Each structure stands twice: as C-alpha cells, then as structure tokens.
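All values reported here derive from a predicted model rather than from experimental measurement. In this chain, numbering begins with 1 at the start of the sequence shown.
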Amino acid sequence: MKATFYMFTKAAKSFTDCLDAKKLKGKDAFVNLKLKGKHGLDARVFAQLGRKSDPGWMKFFSPHVTFPRSVKNTMNSLVFLIQQGKRYFAVTTGYGHTAINHACMEPDFGLRVTLNCIDPDGIKGVDARRIDNRASQKRLLLSKEGGIGDFEFDLDEDLLRMVSGQVIATKNKLGTKMVGSDSLSLTIPKITLPQLGVKCDELWAAFDNKDYETHFKFIDQLRLVKEPGLIAKLDAEVEKRFKARKTDLLLAYPEIEFWQKDVAYRVSSDGEKRQIDDVTLDAVYAFLTDFDLKDATPDSVWITGVKDDGEPATRRRPVYDYIVCEVDLGGERYLLSAKKWYRLAKDFVAEIETAMDRIKELGNTGLVPTKPKEKEGDYNLRAANANLVCLDKKNFRKLPGRSQVEICDLMSRKGQLFAVKRYNGSATLSHLFSQGYVSAELFRDHKPYREAVAKHVPTKWGKLFDVNKPEEAGLTFVYAIAGSPPGKVAKSLPFFSKVNLRYFSRAIERLGYKVMVARIPVQ
C-alpha cells in the first residue's frame, strides 16, 4: 500500500484546525463520513465523492468530434485525520491534500523523516531550488540509487525540497520506500486502518530523530519559512523599518531585467511619481519624504523601469520585491530575499561571514569611477589605459560544444583579470562570480585558451605568464563591482551573494589562483 502522510504543528488544536474551512462548503465540499467498526482511533474522515469536471482536452476536440455520451472526469478524494497524543496527522488520497489547512502543516515533515530513514547511498531522486534570486529549480533522478553527491547538489547553494529513496534495512518496519517533502509518501507492504495510529507514532518519532545530521546536516543551514503567522511578523518588522526610514534595508533587483538599457526607473505611490536613475534606498526614501508619504509601506510603493519615451521597460513591482534584509526574532535569524523568507542557522551565518573576512579587497585598483547610467561596455573601454587592456567582447570561441567564453573585462599588467559588473542584486552577481571561475578553469586546463589570453597582452608589458606552465601564472581574478553598498565589498553583499562568492572563490583558489574583490566608485 502507498499512503501520503502529513503531520500538523502544535497550532492545530482540533480536527477543525487541520482542514481548510472553504473546502467544507459549496457544491463539491468535503463531507464528514461516519467511521464504523472497532478501530481504536481518535479519528475523522472527510471525503469529496464523485466530483465531476470536463476533461482538459474537451474544449479542443468537442467542436470537431461527436461523442456518443457525456464525457466527464470523476474524482474521489479523502482525508483521514488522526489524533495521536498532542499531534494531529492526515492520510490523504486523490486530491484530499487540497482540503488540508497548510498553515498548520509541519514544514519538511516528510523530508526530515526520509533523511532519517533512507540509506544515504540509496537516494533515487531529489528536487532542489537554487537559493539565489533566480530561484531556479531542478529535479534529478538516477537510474540507480546513489549518494547526495551523485546529484550535483551544492550543499551551500541548493535548498533541498524533496528526496526519495530506499529505507535502510534497520528501519524498514516503517516502510520500504519514501518520498519526502512537506508530506511523506510511504510504501508499506501490509497495514490495516487500526494500525495507522501506531504508524503515525512511529513517523513522529522518526521526525524527531537526529540521524539525518550524520549525512544531511546541511539542511539545517537554511530553511524556507512557510508559517503564515511567522511571515506576517517578519513582514511587520520590515514595514516598521521602512516607515522609520532605517538604512539596514537593502534594495536588490528581483531579477535581471533591462537595467543596462533603462534610462531610468519610475517610483510611484498614492498618485505621486518621480523618475530616478537607479533603484536605491536613498532615492526611494527621498521620494517618500519629499511627497510626505509617511504611511507608505513596501507594498504600496511601486518601481517600474522606463525607456526614454516614458514607456515601461520592466513590469511594475512593489518595493517589497526588491528588499533584502536580515531580521532577528525569537533568537533566530531570518533573511528576506526575492519575496521569500529564510531561517538561517547561526553557525552557517558565522561560517559565511568568516569566509568573507578572508577575501581580500583590492585598494589601489587603477580603475576610474563609473558614471551612473554608463553601460558596462562603455565603461570598460574608458577604463583601459597603459596598465589596463580591455578584453570586453574579445571572447574565446574555440571550445567544441560550448558557447563563447568571456575571458575578462579588463586585464592589468600585474596579472589581474577583472570581471566588472554594476551591482544589481544577487542574480547579476551570481553571473559575475561564475564568469570568473569559468575563465580560471579554462586557463588552468586548456592551453589554447591560455594562448588566446597571451595574444591580448601588450608587447610592452613583456611576458605576463608562460602558456606551458599555468600553475605558475600567478593570476588574480578580481570581481570589480560598481555601486555596491557601503562598507567592505564582500561584507556588504546580500547573504545569497556571499554564499555564491564563497563557493566560486574556493573553486578558483583550488586551481592555484588568487581571488579579490574591488569597488568601482560611482561618480
């Protein structure tokens, strides 16, 4: 038998709390059915029986096909609720999960149980989400079970959302196979309804177990916050800071839109509007102050990228979508980024900050300041001088099966390869950090690439490196960021960017090269 289990938080005080009240009303309502016989459970059962709907393909085919009778999809769904001790559980079939009150559901219940019970080398599949602002998602399946490392899962940057695998032999009384996320899909060879209570107790114990820490401790580093009540408290703190014009909020672009092509952005609220050069906290606060918009909230102030003619170049977003900030609440630290809240483990935060302290900042860069609206390509050309050669758009194209590779934006006679980017949040910085690593990896492993770089070295500089000895090249890959927040560059970045920078800086250092960051002043 396969069954899907849910466990509810302590916030669920009754069977009613476990259900979505809206699903108990209307034409297709879930109805409370009577249990019969001896089962020894404190339980309730709700079912949605014979719900009929038109097949999704009917609209396409019906104008051209004569069907002999009415065609309907029929679905039966059930929710079986059980109280065990002070906790409530649900077992669902069909679309029964839609009737559950997800606000009271225990987050990651199934994920934790699965990681505590499966063979660490018996993982069949994972769902993961990259935690930078791109929020990319992936599902990976293996033809044969393996360990977490076989899935190209990054312990620092990927948020594990689902894992499936074979239950380890010592725990197979729980079941044989598990698929865990918030819910737990469990394959159980033999079970009867009266035994569900005992099974819930076993799963509860498996949830509280700490065995997962041996192989999967990384899941505690950062967890997505799903509890509506907690999110409301965190959002209230952000609104409080925003209204008080606190400067510990950071505005980062929610995604890479058309920032290089935009002439300006429009900030608007309560019928007032203003054009600004860039989306910064100072610009937004100045707008609110000048128009006396004291009650404006992050959800009532809007940002739109605009072209020269005033037409929108990006979609209209509330300032809330741009905010990145950290909030300490109840002894825990939380991070808001790209409209999502994350709970950060204290030791993980300390580990990342220590890594940022290690990354040196290049002081005397030789780089000229950039202008507020200057395009990256224009800046690189203008920044070139006797000690800096511009390699922007001079890409390497001779790798079979791969697109062209950007060597760097600027190269110095000291062997510094600058990757230049205007600061626009985690998504753009993720691309920047990756760019530096790809160039370093190719330089270390691919002689034609080294030869291509050598061709761009001005003759008057002499021999910058030996193309036959990449391990002795002594290169430094410098991430040069324009318009980053005040303070030390690495320490001032959004948390996700710090995680990303740590990963790529370590990777470059393993190749035998140095990594530094630098600030490009904005005039």
Side-chain angles (χ1 to χ4, degrees), residues 103 129-137 224-307 310-327 329 334-343 422-430 483-485 493-497:
R129 176 181 297 176
R130 182 57 56 94
I131 62 174
D132 63 20
N133 282 351
R134 292 171 296 173
S136 58
Q137 300 185 59
L224 184 66
V225 177
K226 303 173 185 177
E227 304 93 318
L230 177 56
I231 292 173
K233 290 180 180 179
L234 294 168
D235 283 344
E237 174 61 25
V238 172
E239 183 174 321
K240 178 182 175 182
R241 295 183 188 183
F242 187 77
K243 287 185 174 181
R245 306 295 186 260
K246 296 290 185 180
T247 58
D248 56 357
L249 303 178
L250 172 68
L251 298 190
Y253 287 67
E255 61 188 42
I256 303 174
E257 295 188 296
F258 303 101
W259 66 269
Q260 289 185 342
K261 299 179 181 178
D262 292 338
V263 171
Y265 287 85
R266 180 187 300 132
V267 55
S268 60
S269 182
D270 198 25
E272 305 292 351
K273 60 184 178 181
R274 170 181 289 174
Q275 194 159 293
I276 57 179
D277 291 331
D278 208 350
V279 182
T280 66
L281 195 63
D282 288 342
V284 171
Y285 281 171
F287 164 74
L288 298 176
T289 299
D290 291 348
F291 287 100
D292 197 28
L293 298 172
K294 298 178 181 178
D295 296 325
T297 69
D299 286 315
S300 68
V301 181
W302 299 86
I303 301 293
T304 310
V306 292
K307 304 175 186 176
E311 289 298 309
T314 70
R315 61 192 177 101
R316 182 173 174 254
R317 289 178 177 269
V319 166
Y320 180 85
D321 290 12
Y322 288 74
I323 292 178
V324 176
C325 74
E326 294 182 28
V327 172
L329 183 66
Y334 300 89
L335 173 71
L336 174 64
S337 180
K339 304 185 292 182
K340 297 184 185 298
W341 281 103
Y342 298 87
R343 181 184 284 106
R422 182 180 293 276
Y423 174 75
N424 283 290
S426 294
T428 51
L429 293 181
S430 175
S484 58
L493 300 177
F495 185 80
F496 291 155
S497 294

Using 0.5 Å steps for rounding, measure from the OG atom of Ser337 to the OH atom of Tyr342.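 Answer for the OG-OH pair, Ser337 versus Tyr342, is 6.5 Å.
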List the residues meeting ring-ring contact (aromatic ring centres under 6.0 Å, His included) with Tyr320, not counting sequence neighbours, and say none if there are none.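 ring-ring contact (aromatic ring centres under 6.0 Å, His included) list for Tyr320, sorted by chain: empty.
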Answer yes or no: is there a side-chain heavy-atom contact under 4.5 Å between Leu335 and Val324?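 Leu335 vs Val324: side chains touch.
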So, for Pro298 and Val238, which heavy atoms are closest and what is the spacing to 0.1 Å?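 Looks like CG-CG1, 4.3 Å.
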Kindly write out the residues that satisfy ring-ring contact (aromatic ring centres under 6.0 Å, His included) with Phe291, not counting sequence neighbours, or none if the list is empty.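 Expected list: Phe287.
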Hey, could you give me the CG/CD1 distance between Leu250 and Ile323, rounded to the nearest 0.5 Å? 9.5 Å
To the nearest 0.5 angstrom, please state how far the CZ atom of Arg316 sits from the CD1 atom of Ile303.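 Separation between the atoms: 10.5 Å.
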side-chain contact (heavy atoms from CB on, under 4.5 Å) between Arg274 and Asp290, worked out: CA-CA 10 Å; Arg274 170 181 289 174; Asp290 291 348; 2.8 Å; yes
Side-chain donor/acceptor pairs under 3.5 Å, residues 266-273, sequence neighbours excluded:
| residue | atom | partner | partner atom | Å |
| --- | --- | --- | --- | --- |
| Arg266 | NH2 | Gly310 | O | 2.9 |
| Ser269 | OG | Ser300 | O | 2.8 |

Apply the test side-chain contact (heavy atoms from CB on, under 4.5 Å) to residues Lys226 and Ile231: give CA-CA distance (whole Å), side-chain angles for both, the deciding distance (0.1 Å), then the verdict. CA-CA 7 Å; Lys226 303 173 185 177; Ile231 292 173; 5.7 Å; no
Shortest non-hydrogen contact between Cys325 and Trp341, atoms and distance: SG-CH2, 4.1 Å
Quick one: pull up CD in Glu237 and CD in Glu326 and give me the separation to the nearest 0.5 Å. 13.0 Å
If you define the side chain from C-beta out and look only at heavy atoms, does anything of Val225 sit under 4.5 Å from Tyr334?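 Val225 vs Tyr334: side chains touch.
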Just verifying a value: how many Å separate Tyr265 OH and Gln275 CD, rounded to the nearest 0.5 Å? 11.5 Å
Tyr285 six-ring face occupied by Arg245 cation (under 6.0 Å, within 45°):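 The answer is yes; both the distance and angle limits are met.
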Would you say Val301 and Leu288 make side-chain contact, with heavy atoms under 4.5 Å?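 With C-beta onward as the side chain, the pair touches.
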Tell me, with the steps shown, if Lys233 and Glu227 meet salt bridge (charged side-chain N to carboxylate O under 4.0 Å, His left out). CA-CA 10 Å; Lys233 290 180 180 179; Glu227 304 93 318; over 6 Å; no
What are the two closest non-hydrogen atoms of Leu249 and Leu281, and how far apart are they?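 Here Leu249 and Leu281 meet closest at O-CD2, 3.2 Å.
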Taking the side chain as C-beta and beyond, is there a heavy-atom pair between Leu429 and Leu493 under 4.5 Å?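 Yes; the side chains approach each other to less than 4.5 Å.
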For Thr297 and Phe242, work out which heavy atoms get closest and say how close. C-CE2, 3.7 Å
Within this structure, what is the CG-CG distance for the pair Leu230 and Leu329, rounded to the nearest 0.5 Å? 6.5 Å
